[in-house]
Engineer: 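The structure under discussion is supplied below as structure tokens; questions concerning it will follow.
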Amino acid sequence: MSPEWGVMSAIGIFDSGVGGFTVLKALRAALPDESFIYLGDTARLPYGSKSPDTIRHYLKQNIEFLLAFPVKAVIVACNSASTVVDGDHWQGIPLYDVIQPGALAAVKASKQKKVGILGTRATVASQAYVKAIHEIDAQIECVQQSCPLLVPLVEEGWENDPMSRMIMTRYLTAPINQGVDTLILGCTHYPVLKPIIQELVGPDIALIDSADVLVDNLKRDLADGRVTTDLGAGTIEVWTTDSGSHFHEIGQRIMGSWPLDSWQHADIR
Ligand code: DGL
């Protein structure tokens, strides 16, 4: 690893796999001149089945990997890792998780004060969304549903497969039956499935993607100087802890027409 490829000041972002690209895509669209360094911890995916201590260890290593570059902010683009984030900076660098923005957006969206939360087992067990929502509005009823099979389906690129639809239908049954009017896509892999989930739950249930509020928060912090406005070359450099052309293919598919400029191996164990 070497920070010698010309970025003066980039935004670091990581996930266990391709899910963070859903956040990166929103960031890239909103901030087209920024440089990004994306880390996919593919060697240790999934995070959602791991204990808080293990995830905390990964979080620390991933942030430290990104801080070896000239980064001006770090985005934890993983809900499972966000559940163990403690504080809003790391060694003086602003740190952004995806739980707070999702909770805030859900509270604003829910008219009937009944919010469903889809997430990994780690995210659901942590109760992080429930706590974050109740800090804003203690009257909101939360219905949590862990969906452990969805991450592998997205990593596999099977979002449109009939099998995936059946699995999603099964996971969505309890929140729908309990009358939620808002559903948090509480794993950064799930926005890839958003069109199908919307079709399955119907148009009256609002789907929340944390990336939207996260983008607003970052833009606000760039405007008020909490995050420096120094720009790099406007590139996206991707690092992964395991190799694999399939990851590249799915990552680029999620990013659509936004180019991913380089792929390199990150030696994190
Ligand atoms: N994309 C991640 C999340 O938001 C992690 C999925 C996983 O590794 O289990 O939770």
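Both ligands and their constituent atoms are indexed starting at 1 by order of listing. All heavy atoms count here, side chains included; hydrogens, waters and symmetry mates do not. From a predicted model like this one, the values you see are computed outputs, not experimental measurements. Residue numbers run from 1 in the order of the sequence given.
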Engineer: Any Lys/Arg nitrogen of Arg253 or Glu159 sitting under 4.0 Å from an Asp/Glu carboxylate oxygen of the other?
Structural biologist: yes
Engineer: Identify the closest protein heavy atom to atom 7 (C) of ligand 1: which residue and atom is it, and at what distance?
Structural biologist: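 Nearest neighbour among protein heavy atoms for atom 7 (C) of ligand 1, to 0.1 Å: Tyr47 N, 3.3 Å.
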Engineer: Between Glu135 and Lys131, is there a side-chain N and carboxylate O pair less than 4.0 Å apart?
Structural biologist: no
Engineer: More than 12 non-hydrogen atoms from neighbouring residues, nucleotides or ligands closer than 6.0 Å to CH2 on Trp158, yes or no?
Structural biologist: no
Engineer: Looking only at the aromatic ring of each residue, does the gap between the centers of Phe21 and Trp258 stay below 6.0 angstrom?
Structural biologist: no
Engineer: For ligand 1, is Cys78 a contact, meaning one of its heavy atoms is under 4.0 Å away?
Structural biologist: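 Yes, Cys78 has a heavy atom closer than 4.0 Å to ligand 1.
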Engineer: Specify side chain, backbone, both or neither for Ser16, according to which of its non-hydrogen atoms lie closer than 4.0 Å to ligand 1.
Structural biologist: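 Near ligand 1, Ser16 shows its side chain, while the N, CA, C and O stay back.
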Engineer: Give me the nearest non-hydrogen protein atom to atom 9 (O) of ligand 1 as residue plus atom name, then the distance to 0.1 Å.
Structural biologist: Gly48 N, 2.8 Å
Engineer: Can you report which non-hydrogen protein atom sits closest to atom 3 (C) of ligand 1, along with the distance?
Structural biologist: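 Going atom by atom, the protein heavy atom closest to atom 3 (C) of ligand 1 ends up being Asn79 N, 3.2 Å.
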Engineer: Closer than 4.0 Å to some heavy atom of Val151 - which atoms of ligand 1 meet that?
Structural biologist: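 Checking each atom against Val151, I get 6 (C).
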Engineer: Which of the atoms of ligand 1 are close to Pro46, meaning less than 4.0 Å from one of its heavy atoms?
Structural biologist: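 Ligand 1 atoms under the 4.0 Å threshold to Pro46: 7 (C), 8 (O), 9 (O).
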Engineer: May I ask you to test the Leu67-Ile93 pair for a side-chain heavy-atom distance under 4.5 Å?
Structural biologist: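 Yes; the side chains approach each other to less than 4.5 Å.
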Engineer: Mind checking whether Thr188 contacts ligand 1 via backbone (N, CA, C, O), side chain (CB onward), both or neither, at a 4.0 Å heavy-atom cut-off?
Structural biologist: both
Engineer: Identify the closest protein heavy atom to atom 10 (O) of ligand 1: which residue and atom is it, and at what distance?
Structural biologist: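 Sorting protein heavy atoms by distance from atom 10 (O) of ligand 1 puts Ser80 OG, 2.7 Å first.
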Engineer: What I want to find out is whether Lys219 reaches Asp221 closely enough, with some N-O distance under 4.0 Å, to be called a salt bridge.
Structural biologist: no
Engineer: Show me which atoms of ligand 1 lie under 4.0 Å from any heavy atom of Asp15.
Structural biologist: 1 (N), 2 (C), 5 (C)
Engineer: Is it the case that atom CZ in Arg226 sees more than 12 heavy atoms from other parts of the structure closer than 6.0 Å?
Structural biologist: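 Counting other residues, nucleotides and ligands, CZ of Arg226 exceeds 12 neighbours.
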